[in-house]
Amino acid sequence: MHAFEVLGDPVRRRIVELLADGELSSGDITAVVQEEFGISQPAVSQHLRVLRDNGFASVRPQGARRLYALDAGPLAQIDEWLGRYRRFWAQRLDALDTEIRRGRRDRRTP
């Protein structure tokens, strides 16, 4: 499965967002996802499996708990792919920075 297909699902994107803040137990992930998306625990487990199977997450047992962590490898691949398109927004961001700086300078000048 291509990385964009994996992240095309809003539930999996949300799980990746949660894991970006650090390691979480499957129970913690399930609680948030069930609250936000109203899906069952088995459905959350399937999404976690897709993330694991496609290299976005790793899991390690800790007693009876399973702790999930984000694996940045596939995200680096997405970043690399996006690299060729950055030029489309980089100039606009540079222009915005210029306008912001100009506005600050104008406010300081009496």
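In what follows, residues are counted from 1 in the order of the sequence shown. Side chains included, hydrogens not; waters and symmetry mates left out as well; all remaining heavy atoms used.
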Looking only at heavy atoms, what is the nearest atom pair of [X] and [Y], with distance?
| X | Y | value |
| --- | --- | --- |
| His47 | Ile15 | CB-CD1, 3.9 Å |
| Ile29 | Leu19 | CD1-CD2, 3.8 Å |
| Arg12 | Glu5 | NH2-O, 3.6 Å |
| Pro10 | Phe37 | O-CZ, 3.7 Å |

What do you reckon, is CZ of Arg49 surrounded by more than 12 foreign heavy atoms closer than 6.0 Å?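 Open: at most 12 neighbouring heavy atoms sit under 6.0 Å from CZ of Arg49.
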In this structure, are over 12 heavy atoms from other groups packed under 6.0 Å from Glu35 atom CD?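 No.
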Any chance you could lay out the side-chain contact (heavy atoms from CB on, under 4.5 Å) test for Val59 and Leu67, step after step, and finish with the verdict? CA-CA 5 Å; Val59 63; Leu67 298 175; 6.0 Å; no
Rounded to the nearest 0.5 Å, what separates atom CG in Asp97 from atom CZ in Arg102?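 If I round to the nearest 0.5 Å, the distance is 11.0 Å.
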Any luck finding a side-chain donor-acceptor pair between Arg52 and Tyr68 under 3.5 Å?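 Their side chains do contain a donor-acceptor pair, which is all the 3.5 Å distance test asks for.
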Check: [X] side chain, [Y] main-chain N or O, donor-acceptor pair, under 3.5 Å:
| X | Y | answer |
| --- | --- | --- |
| Arg13 | Gly8 | yes |
| Asp28 | Leu24 | no |
| Arg66 | Ser26 | no |

In terms of ring plane angle, is the pair Phe88 and Tyr85 parallel, tilted or perpendicular, where the classes change at 30° and 60°?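 Because their plane-to-plane angle is under 30°, the rings of Phe88 and Tyr85 count as parallel.
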